[in-house]
Amino acid sequence: MRWIEAFLAVAEELHFGRAAERLHMAQSPLSQTIKKLEKHVGAPLFDRTTRAVTLTSAGHGFLPHARRIVAETDLALRATSAGPGEVYGRVRLGFSGALNHLTLPPLTRTLRTRHPHIALQLVDRVTTEDAVGLIEHGTLDIAFVGLPAPGSLPSRVVTVEELGAALPSDHRLAGRDEVSLADLGAEDWVLMPGQSALRTVILTACHTAGFRPRLAQEVKDPYVVMSLVAAGLGVSLAPTCLRPIMPAGAVWVPLAGSPPLLRSALLWHPDRLTDAVRALLDVAAEVLPTPG
């Protein structure tokens, strides 16, 4: 563990002096520790010059595993202090960013209060397409997604939101009480890439309105989509959860008629339901109930 902690300090500081200060030890013993680790793994982990310290390809490969070793050791120590009936473990939870600014906080707050021995690892900028692949491969345990989601993993709906028009504040339609989706057919559009659920819902709605949106920009972060709208690069559609946090220079306008709906859900793998994952799902059922 001392070798691993020494490696992580140098890998994160990229400076032996600062790493030694962080570990409260002298620089020479730290260098000897790193050399012992490199001899043990059979490859140099750092390139050292008089001006810089950088990770080698072996060091880059070793880094995530070293972090996991430290995290799992910390989790093991947590387990020894858990009393009867207490749940301990680790849950890796994916979310998409701004789209979860109303759903993620109550879930994480309640989970930390009810189950302090569960280590929650949050992974951001995860689209629905990303989440399915990461959960199937075991990289994530559970994720917030939009529906429809590809594949057959189980899910539970937690929100159903109307989509509205996201427009630059100086757009010709920005001052209206509502706009028709067909009125945006000739505009440039800013969308999320790939097979994100929000993009799928938007494209389906535009097709129903009689046009295919002319793509100007694609960005993965939903709030950056709104920021590019504010910059005047195009228009988009956004769920109601984004209405209170629209960036300066952009406005959210309701759509006329029956607006398209974005259904958001929690997605997990049925064969990897650890006690910790079950505990999170139980908390989510209470604080994020399925809309009636």
Verdict with supporting geometry, Trp189 and Leu237, side-chain contact (heavy atoms from CB on, under 4.5 Å)
CA-CA 9 Å; Trp189 283 71; Leu237 298 185; 3.9 Å; yes
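A salt bridge links Arg67 to Glu12: at least one charged side-chain nitrogen sits closer than 4.0 Å to a carboxylate oxygen. Using a 4.0 Å cut-off between a side-chain N of Lys or Arg and a carboxylate O of Asp or Glu, Asp130 and Lys220 qualify as a salt bridge.
Taking 4.5 Å as the limit, some side-chain heavy atom of Phe144 sits within range of a side-chain heavy atom of Leu93. Looking at heavy atoms from C-beta onward, Asp141 lies out of side-chain contact with Ile135 at the 4.5 angstrom threshold. For the pair Val287/Thr103, no side-chain contact is recorded, criterion being any heavy-atom separation below 4.5 Å from C-beta on. For the pair Arg272/Val277, no side-chain contact is recorded, criterion being any heavy-atom separation below 4.5 Å from C-beta on.
In terms of heavy-atom proximity, Ala230 sits nearest to Pro247 at CB-CG, 4.2 Å. The heavy-atom pair separating Tyr223 from Ala98 by the smallest distance is CB-CB, 3.8 Å. Between Val229 and Ala166, the shortest heavy-atom contact is CG1-O, 3.5 Å. Val225 and Ser236 make their closest contact through CG1-OG, 3.9 Å (heavy atoms, listed as atom of the first residue, atom of the second, distance).
Sorted by first and then second residue, the side chain to side chain donor-acceptor pair (under 3.5 Å) pairs with a member in residues 164-174 read His171-Glu187, Arg172-Glu187; sequence neighbours excluded.
Within a 6.0 Å sphere centred on CZ of Arg48, heavy atoms belonging to other residues, nucleotides or ligands number more than 12. In His65, the NE2 atom is crowded: over 12 heavy atoms of neighbouring residues, nucleotides or ligands sit closer than 6.0 Å. In this structure, Arg263 places its CZ atom where only 12 or fewer heavy-atom neighbours from other residues, nucleotides or ligands lie under 6.0 Å away.
For His24, there are no ring pair (Phe, Tyr, Trp, His ring centres under 6.0 Å) partners, not counting sequence neighbours.
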Enumerate donor-acceptor pairs with a distance under 3.5 Å from any side-chain N or O in residues 145-157 to protein atoms, sequence neighbours excluded.
{"from": "Arg156", "atom 1": "NH1", "to": "Leu288", "atom 2": "O", "distance (Å)": "2.9"}
{"from": "Arg156", "atom 1": "NH1", "to": "Thr290", "atom 2": "OG1", "distance (Å)": "3.1"}
{"from": "Arg156", "atom 1": "NH2", "to": "Ala284", "atom 2": "O", "distance (Å)": "3.2"}
{"from": "Arg156", "atom 1": "NH2", "to": "Leu288", "atom 2": "O", "distance (Å)": "3.0"}

